[in-house]
Amino acid sequence: MCDTFIHVDVVIPTQTKYLALIASIGERIAKELDNFTGDREALSYQLNLVLTEATVNVIKHACEDDIKNCVRVTINLQEDALNIKVYDYGQGFDLEAVPLPDLDHPGESGMGLFLIRSLMDSVTYTQHADYNVLEIIKYLK
């Protein structure tokens with residue numbers, strides 16, 4: 001579908017002041033995709049939200065209050081899909097055990113993974129010896 005190869009690899013400190021940088025990368029990629037005939041504005045918004053939520057989750061839950069930790073985000077354009085990986089170096093969690101939020105009484109937290117799963121086509125989380133990876137795939141139909 002897309003003629004241009006895109007690979008982005010960004011490492012940022014676990015500080016919220018860098019969230020806009022990560023979000024803007026996703027927005028820019030959505031707006032520049034070759035041969036993409038879908039709604040660019042919608043995709044741009046979705047990538048902004050998903051990258052922000054995934055990065056906030058790492059900062060909030062995986063960095064153990066150590067600002068020396070970092071978040072690594074990779075974005076790869078593969079044929080007709082965007083593959084996003086968000087790496088953390090915390091203890092990890094069970095993605096399947098995360099409960100659905102109470103949509104009738106939403107709280108201030110607990111919506112991030114729900115939004116990511118709702119907007120993207122595939123979401124997996126794998127734990128490795130020294131790191132964990134949240135892998136997010138969005139098909140470009």
Side-chain angles (χ1 to χ4, degrees), residues 1-128 130-141:
M1 164 178 263
C2 298
D3 296 330
T4 306
F5 174 77
I6 296 174
H7 173 80
V8 177
D9 194 340
V10 180
V11 179
I12 61 166
T14 54
Q15 298 172 24
T16 56
K17 68 182 181 179
Y18 296 103
L19 291 174
L21 171 65
I22 295 297
S24 68
I25 292 169
E27 286 181 2
R28 191 67 188 181
I29 287 172
K31 292 179 180 178
E32 298 296 330
L33 290 173
D34 291 339
N35 302 325
F36 178 66
T37 59
D39 185 338
R40 287 179 191 275
E41 289 301 317
L43 181 61
S44 176
Y45 173 78
Q46 291 170 359
L47 292 177
N48 176 317
L49 183 61
V50 164
L51 287 165
T52 299
E53 289 295 336
T55 305
V56 163
N57 283 346
V58 171
I59 292 170
K60 189 173 183 180
H61 301 292
C63 73
E64 301 170 351
D65 296 326
D66 184 355
I67 63 170
K68 292 182 215 165
N69 285 327
C70 60
V71 181
R72 179 179 177 208
V73 177
T74 65
I75 304 170
N76 289 291
L77 177 62
Q78 304 170 328
E79 293 293 319
D80 61 350
L82 278 172
N83 181 291
I84 300 166
K85 292 182 180 177
V86 181
Y87 296 80
D88 75 73
Y89 304 92
Q91 69 183 32
F93 69 100
D94 181 355
L95 181 65
E96 301 308 315
V98 176
L100 291 174
D102 182 351
L103 298 177
D104 293 327
H105 303 94
E108 287 188 30
S109 65
M111 293 293 290
L113 284 172
F114 174 76
L115 291 170
I116 293 169
R117 286 175 151 168
S118 297
L119 295 172
M120 299 291 110
D121 296 306
S122 173
V123 180
T124 58
Y125 187 79
T126 54
Q127 295 177 295
H128 301 270
D130 297 329
Y131 63 95
N132 309 297
V133 182
L134 179 68
E135 183 173 16
I136 304 162
I137 297 173
K138 178 67 173 177
Y139 297 112
L140 304 172
K141 303 170 191 166

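- Not one N or O on the side chain of Arg72 forms a donor-acceptor pair closer than 3.5 Å with the backbone of Val11.
- Applying the 6.0 Å contact sphere to CZ of Arg28 captures no more than 12 heavy atoms from other residues, nucleotides or ligands.
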For this session: Assess whether side chain to side chain contact (heavy atoms under 4.5 Å, CB included) is satisfied between Val86 and Asn57, documenting all intermediate values.
Result: CA-CA 10 Å; Val86 181; Asn57 283 346; over 6 Å; no

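- Looking at residues two or more places apart in sequence or on another chain, you find no side chain to side chain donor-acceptor pair (under 3.5 Å) involving Tyr87.
- With a 4.5 Å cut-off on side-chain heavy atoms, Leu77 and Leu140 count as touching.
- With values rounded to the nearest 0.5 angstrom, Phe36 atom CZ is found 13.0 Å from Lys31 atom NZ.
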Quiz: residues 42-49 side-chain donor-acceptor pairs under 3.5 angstrom, not counting sequence neighbours:
residue, atom, partner, partner atom, Å
Gln46, OE1, Lys138, NZ, 3.4
Asn48, OD1, Thr52, OG1, 3.4
Asn48, ND2, Glu27, OE2, 2.4

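- Between the CG atom in Leu51 and the CD1 atom in Ile84 there is a gap of 4.5 Å [rounded to 0.5 Å].
- Under the 4.5 Å side-chain criterion, counting only non-hydrogen atoms from C-beta, Tyr125 is in contact with Asp88.
- For the pair Ile12/Thr55, a side-chain contact is recorded, criterion being any heavy-atom separation below 4.5 Å from C-beta on.
- Using a distance-only test at 3.5 Å, with no hydrogens or angles considered, no donor-acceptor pair links the side chain of Glu53 to the main chain of Phe114.
- Under 3.5 Å, the side chains of Asn83 and Asn76 contain no donor-acceptor pair of N or O atoms.
- The line from CD1 of Ile75 to NE2 of His7 is 10.0 Å long, rounded to the nearest 0.5 Å.
- At a threshold of 4.5 Å between non-hydrogen side-chain atoms, the residues Ile25 and Val73 do not count as touching.
- Taking SG of Cys70 as the start and CD of Gln15 as the end, the distance is 11.5 Å to the nearest 0.5 Å.
- Counting only heavy atoms from C-beta outward, the side chains of Ile136 and Ile116 approach each other to under 4.5 Å.
- Atom CG of Asp9 has more than 12 heavy atoms from other residues, nucleotides or ligands within 6.0 Å.
- Proximity of Glu135 to Thr126: side-chain heavy atoms (C-beta onward) are nowhere separated by under 4.5 Å.
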